[in-house]
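Note sheet for the following structure.
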Amino acid sequence: MTEWTEKGHEPGVVVLRDWQWFVRRAIDKTAVFVFFAVVVLAALPMGGNRDWAWAPLCVLLGLIAIPVSLGLGARGGHAVGAIERLPLLVLIGCWLLFAGFALWQMTTWAPLTADAWLFIRAAEILGSAHAPIPAIAADAARNSLLKCLACALIFLIARALCRDRDNARWLLIALVASGVLVVSYGIAMQMSTNSCYLGSYLRKQFELTPGDRCQMGGTFVNSNSFACYMGMCVVAAFGLVFNSHGTKAKVPYGYDEEEDVRLVDWFTGPRVVLLALSLLMLGGMLMSASRAGFGASMAGMLFLGLLLLRGRGRSRSQLGRIFFVAFVVLVVVGGIAGSGLLSKFAVSVDDSSRLRIWSAAFQGIALSPWMGWGLGGFGDVFTLLQPANSLQPNDIAHSTPLETVVELGIFAAIPAMVVVVLPWAVSLRGGLTRRRAYRNLPAAAFAVAAVPILHSLIDFSLQIPAIGFVTAALLGMGWAQSFSRNELLA
């Protein structure tokens, strides 16, 4: 290393420093690799949505956080610039308010709420019971809070590691690779069991008869969550396709970046591979027949395109290139795998069951508007308020914001939502204000995170650990890449 060669130093000193640099570099890269692997491979064990899956992942994340907090893999990544100090303080404050309120709901110091009669009735039947607390299911509240803590750790680690643009880019690559594994497993199960099994787990709710076919779900129990994850991976792949670093065609002198490059020259090897993988994952998403997943994914693609094209003076060829590629992808994949989605749109499947769930959720809010029912308690709330014409048990509100209000109450739900919306807005800020050469990463983070955030308005994808973990990492990456080095040093 020439920068370490000084006058008067013996050659052995330089060799020793070279060896130390190599070891330190290897340790840093190992820390980054292990963190990315834990986050993106969480989708493989049933989406991480079982205690035996997400609990060990939380332990691993805690162990990874220790060396990263000491600087491994994140040289200078923990520094806080003056411009990000206020939003970061607001974010930390909102998370502490949310977590503190959730813990308060599990104590007898909180006032009595609508569920107090349940504890009194249990004492009458059993002879003794826990003193009344707002959290209707304290064990579920502790589990939910642990998942939220894991997401907070992921955000902070990603913010530190992804100050490095190469690490940020590798996060997107790791997400695409994870999507390929998930959809490949889904195709294998489609060929062997018509997607009705996930391993030995029967995905069909009722009795399975010969010839039954189920919507593709990959490694997820729920096909809608699978579609959301595939949408995230597709948007990430397109973010890499239009990333000028590493996939840039040779531009003649005098041309502005890639805007006037011929279409045939634009299709470099890495771009062709990414487009092929996008076709594969988009096909899996369409075979899941998830309307909300498809809509949220298209919104993410639109956001990505608008952010990347913003401020371009001569963007007609670039815009035409994007629409041409998108049109080809939709026609090819839609013709092969979109029949299930089209039929679902045409038949307009009855969603009255979801409307009944939302009706019960609003009743729960009316009964305990300020203190809520405790994190993870929606299943018990729905059992109490389940309409007579709804026979199927349900533990999810099919709307994450609505379920948050039910479980935390109106006031405490606000900081809980800010914890998600604020990093998303910071990523948008980076995609809008950073120079063209540096906006692609925060723009990709905003667009990819838009898929689960929008999807969760009418479903529960953010509550699936695998999706929640990846979203937290993307928001951390988008946050880190939204501030330029000059802003951080100011």
Side-chain angles (χ1 to χ4, degrees), residues 37-54 56-57 174-234 236-237 273-294 297 329-347 349 392 396 451-452 455 459-461 464-467 469-470:
V38 170
V39 171
V40 301
L41 296 182
L44 299 185
M46 301 182 75
N49 199 32
R50 293 295 186 272
D51 292 347
W52 55 263
W54 65 261
L57 291 174
L175 177 57
V176 173
S178 172
V180 172
L181 291 176
V182 171
V183 75
S184 298
Y185 180 83
I187 293 173
M189 296 307 292
Q190 178 78 14
M191 297 173 62
S192 59
T193 68
N194 290 332
S195 292
C196 291
Y197 278 92
L198 172 52
S200 60
Y201 178 84
L202 179 62
R203 294 180 58 244
K204 198 170 186 295
Q205 292 181 350
F206 305 105
E207 182 181 0
L208 180 66
T209 59
D212 279 350
R213 302 184 68 87
C214 305
Q215 305 296 348
M216 182 179 290
T219 59
F220 292 80
V221 175
N222 181 271
S223 59
N224 291 323
S225 299
F226 166 73
C228 177
Y229 195 76
M230 287 297 99
M232 296 172 67
C233 297
V234 170
V273 172
L274 286 169
L275 288 174
L277 296 179
S278 300
L279 288 171
L280 176 67
M281 294 182 290
L282 182 58
M285 181 183 68
L286 293 177
M287 292 176 70
S288 71
S290 172
R291 294 163 293 178
F294 178 79
S297 302
V329 168
L330 288 176
V331 169
V332 173
V333 179
I336 297 174
S339 58
L341 180 64
L342 294 176
S343 63
K344 201 170 182 180
F345 271 115
V347 175
V349 176
Q392 183 177 341
I396 298 293
V451 179
H455 189 254
D459 219 311
F460 52 88
S461 52
I464 303 298
I467 296 177
F469 289 174
V470 171

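What you see below is based on every heavy atom in this structure, not just the backbone, and it leaves out hydrogens, waters and symmetry mates.
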For a quick test of your reading: what N or O donor-acceptor pairs under 3.5 Å do the side chains of residues 44-51 make, sequence neighbours left out?
| unit_1 | atom_1 | unit_2 | atom_2 | d |
| --- | --- | --- | --- | --- |
| D51 | OD1 | W54 | NE1 | 3.0 |

**Report entry** Residues which pass side-chain contact (heavy atoms from CB on, under 4.5 Å) with A236, listed by chain and number, not counting sequence neighbours
**Finding:** L172, L175, V176, V448
Query raised in the report: Can you name the closest pair of heavy atoms from S290 and N224 and give their distance?
Result: OG-OD1, 3.0 Å
**Report entry** side chain to side chain donor-acceptor pair (under 3.5 Å) pairs, two or more places apart, involving residues 180-191
**Finding:** Q190-S195
Report summary line: Heavy-atom nearest pair, S278 first then A237, reads OG-CB, 3.2 Å
Report summary line: Looking only at heavy atoms, the pair that brings Q215 and A289 closest together is OE1-CB, 3.4 Å
Report task. Walk me through it: do V470 and M232 pass the test side-chain contact (heavy atoms from CB on, under 4.5 Å)? Result -> CA-CA 9 Å; V470 171; M232 296 172 67; 3.7 Å; yes
Query - Flag side-chain contact, heavy atom, 4.5 Å: L181 against T219 - result: no
Query raised in the report: Could you state the interatomic distance from OG1 (T193) to CZ (R213), rounded to the nearest 0.5 Å?
Result: 10.0 Å
Query raised in the report: Any side-chain heavy atom of M216 within less than 4.5 Å of one from L286?
Result: no
Report task. Kindly write out the residues that satisfy side chain to side chain donor-acceptor pair (under 3.5 Å) with S178, not counting sequence neighbours, or none if the list is empty. Result -> Y229
Report task. Calculate, to the nearest 0.5 Å, the distance between atoms CG and CZ belonging to N194 and R203 respectively. Result -> 11.5 Å
Requested in this report: Mind listing the closest non-hydrogen atom pair of G293 and H455 along with its distance?
Outcome: N-CD2, 3.4 Å
**Report entry** Criterion side-chain contact (heavy atoms from CB on, under 4.5 Å) on M287 and I187, from CA distance to verdict
**Finding:** CA-CA 10 Å; M287 292 176 70; I187 293 173; 5.7 Å; no
Query raised in the report: Checking side-chain contact (heavy atoms from CB on, under 4.5 Å) for the pair S297/M285: CA distance, chi angles, key distance, verdict?
Result: CA-CA 9 Å; S297 302; M285 181 183 68; 3.2 Å; yes
Report summary line: Residue pairs passing the disulfide (SG to SG under 2.5 Å) test with at least one member in residues 203-233, sequence neighbours excluded, are C196-C214
**Report entry** Considering all heavy atoms, the nearest V182-A43 contact
**Finding:** CG2-CB, 4.0 Å
**Report entry** Any residue meeting side-chain contact (heavy atoms from CB on, under 4.5 Å) with S225, in chain and number order, not counting sequence neighbours
**Finding:** F220, N222, F460, I464, I467
